[in-house]
Number of protein chains: 2
Amino acid sequence: MARRSDHSREQLAKMAIEAAAALAARDGLRSITARGVARDIGYTVGTLYNVFDNLDDLVRHMNAATMDALYAHVTAAPIEADPEKALRGLARRYLAFVSAQPRLWSAVIEFEPQDGAPAPDWYRHKAQRLVQLGEDAIADLFSPREAAARRRNAFVLWSALYGLTALAQTTNLAEGDPPTALIDTLVSTYIAGLKAR
Amino acid sequence: MARRSDHSREQLAKMAIEAAAALAARDGLRSITARGVARDIGYTVGTLYNVFDNLDDLVRHMNAATMDALYAHVTAAPIEADPEKALRGLARRYLAFVSAQPRLWSAVIEFEPQDGAPAPDWYRHKAQRLVQLGEDAIADLFSPREAAARRRNAFVLWSALYGLTALAQTTNLAEGDPPTALIDTLVSTYIAGLKAR
DNA sequence: GTGCATCAATGAACGATGTTCAATATGCTT
DNA sequence: AAGCATATTGAACATCGTTCATTGATGCAC
């Protein structure tokens with residue numbers, strides 16, 4: 001029983017993350033429990049705490065995996081040269097991913113660790129990579145001397161996309177318009193605004 | 001035992017909501033517990049369940065109160081006629097409120113009821129009122145025949161603001177820029193984009 | 001092969017959680 | 001004064017996150 005070494009520490013972590021993601025995808029972030037995850041991977045609670053500091057740690061790793069999957073999905077297609085086309089493509093693929101895995105993405109949005117500690121660098125980097133994609137897409141609209149403005153606008157765009165997907169999922173405020181139309185409106189209008197600077 | 005007419009049902013609800021808000025403001029959404037709220041208002045758990053269906057119900061009412069407070073704060077100042085000035089004013093007051101009560105606003109963002117039931121109409125209306133403010137602000141940029149576009153853009157703007165405040169609070173992705181600069185960038189650029197239609 | 005030290009895995013135990021509901025205390029009516 | 005209606009209670013239940021002494025499988029020394 002003890003010391004099975006059926007799986008390495010890394011394998012255990014991966015299995016637990018996938019089991020947690022399956023639970024979250026089905027019934028939401030709050031349905032993730034230590035005992036539930038342990039049961040689903042064929043181990044007991046104690047083992048989970050050998051691999052992760054606590055449940056929040058596991059959830060963070062789960063969310064990191066979701067962000068990795070999002071990044072992979074968004075970069076699967078080539079990125080066009082024209083800023084507006086590039087951005088629209090990124091945004092639509094982003095939306096497609098979120099729509100396909102709504103509860104998984106909700107888990108990323110909802111999650112707030114019990115201790116108010118800020119997210120570790122390795123986690124923040126996952127988000128930064130996504131912002132960077134947007135920054136690259138709009139790079140042609142800025143001169144090399146405007147690096148700060150380029151970065152700021154990329155962050156604003158990413159935040160706007162984030163908010164749009166967050167609200168388009170849950171609320172029903174924009175009844176007439178499909179999410180794609182909202183995304184396109186955002187990208188077109190914002191890019192037009194950038195060009196008009 | 002507390003005398004049964006010390007407080008009306010409405011008073012009890014108000015006290016519980018305020019107690020929950022105090023807990024959330026100090027230690028976050030997850031620090032709200034039935035026993036904790038009950039203790040703080042001088043009653044026991046059972047009484048809480050006479051007033052609210054369950055904890056999620058209480059949290060929803062707490063978030064509704066937060067949105068009411070936000071609406072009151074945002075509309076406390078007169079709204080200017082010029083779309084950009086009006087929108088910038090709304091956005092800045094929005095940001096001021098969120099910055100002053102970060103954990104309370106986080107509770108609005110993070111909250112997802114256990115049962116995946118959609119938010120009731122009376123709750124969604126609270127958000128809709130805020131979107132309406134934005135729609136009124138940009139009304140002059142649209143002809144009467146473009147009601148759909150006006151509504152869509154108001155929703156996009158609100159979502160963008162929402163995302164910006166959500167991310168500006170937690171992440172540290174935009175290190176150089178204060179939140180106000182991000183808000184102004186968003187408003188200016190988007191309004192410029194609308195004018196360039 | 002044998003023995004043993006190591007340590008991954010266990011699962012009982014703890015305090016706290018959300019929620020229920022029979023029992024009870026209280027105010028109002030008659 | 002008696003009785004009714006009901007607001008309030010708090011014990012009880014299942015489940016939660018987390019800890020840690022115990023256990024037994026494993027790899028290594030010999």
Side-chain angles (χ1 to χ4, degrees), chain A residues 1-17 19-24 26-63 107 110-117, chain B residues 1-17 19-24 26-63 107 110-117:
Chain A
M1 188 72 66
R3 186 79 177 264
R4 304 180 350 189
S5 71
D6 277 355
H7 305 95
S8 70
R9 194 182 172 81
E10 287 71 25
Q11 283 177 314
L12 278 177
K14 190 179 173 219
M15 290 161 62
I17 288 167
L23 289 170
R26 177 180 302 273
D27 292 318
L29 178 60
R30 288 159 83 180
S31 72
I32 297 176
T33 67
R35 287 173 179 81
V37 171
R39 175 183 16 86
D40 290 351
I41 66 174
Y43 283 81
T44 56
V45 252
T47 297
L48 226 47
Y49 284 83
N50 283 340
V51 181
F52 298 99
D53 295 340
N54 47 50
L55 253 205
D56 280 351
D57 188 30
L58 166 56
V59 170
R60 223 202 273 283
H61 280 85
M62 181 192 80
N63 285 343
E110 295 167 33
F111 175 64
E112 189 83 8
Q114 185 82 305
D115 57 30
Chain B
M1 179 183 300
R3 297 162 54 111
R4 76 179 192 179
S5 51
D6 273 357
H7 305 95
S8 70
R9 196 183 171 82
E10 287 70 26
Q11 282 177 315
L12 278 177
K14 190 178 173 220
M15 290 162 61
I17 288 167
L23 288 171
R26 179 180 301 273
D27 292 318
L29 179 60
R30 288 159 84 179
S31 73
I32 296 177
T33 69
R35 286 172 179 82
V37 171
R39 175 183 15 85
D40 290 352
I41 66 174
Y43 282 81
T44 56
V45 252
T47 296
L48 226 47
Y49 282 85
N50 282 340
V51 181
F52 298 99
D53 295 340
N54 48 49
L55 252 205
D56 280 352
D57 188 30
L58 166 56
V59 170
R60 221 200 277 281
H61 281 84
M62 181 192 79
N63 285 343
E110 294 166 34
F111 176 64
E112 189 85 7
Q114 186 81 305
D115 57 33

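Just so we're on the same page: letters track the sequence lines, and every chain starts at 1.
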### Query
Salt-bridged, Arg30(B) to Asp56(A), with N to O below 4.0 Å?
yes

### Summary
Between Leu48(B) and Asn54(A), the residue closer to the 5' end of DNA chain D by nearest nucleotide is Leu48(B)

[X] [atom1] to [N] [atom2], straight-line distance once rounded to whole Å:
X         : N       : atom1 : atom2 : result
Leu58(B)  : dT19(C) : CG    : P     : 10 Å
Phe52(B)  : dT20(C) : CZ    : P     : 15 Å
Arg9(B)   : dT6(D)  : CZ    : P     : 12 Å
Asn50(A)  : dC7(C)  : CG    : P     : 13 Å
Gln114(A) : dT18(D) : CD    : C1'   : 12 Å
Tyr49(A)  : dG17(D) : OH    : P     : 6 Å

### Query
Between Tyr49(B) and Asp53(B), what is the shortest heavy-atom contact and its length?
CD2-O, 3.7 Å

## Note on the structure
For Ala13(B) and Val51(B) the tightest heavy-atom approach is CB-CG1, 3.7 Å

Hey, can you pull the donor-acceptor pairs under 3.5 Å for the side chains in residues 32-42 of chain B, sequence neighbours left out?
unit_1   : atom_1 : unit_2   : atom_2 : d
Thr33(B) : OG1    : Gly36(B) : N      : 2.9

For the side chain of [X], starting at C-beta, report the closest nucleotide among [options].
X        : options                   : answer
Thr44(A) : dT19(D), dG10(D), dT10(C) : dT10(C)
Leu55(B) : dA9(C), dT18(D), dG18(C)  : dG18(C)
Leu12(A) : dG17(D), dA9(C), dT20(C)  : dA9(C)

### Positions of residues 26-43 of chain A (non-hydrogen atom under 4.0 Å from DNA chain C), listed by number
Arg35(A), Tyr43(A)

### Message
Using side-chain heavy atoms (C-beta onward) and a distance below 4.5 Å, is Val59(A) in contact with Asn63(A)?
### Response
yes

Donor-acceptor contacts, no H, no angles, side chain residues 110-117 of chain A, under 3.5 Å, sequence neighbours left out:
none

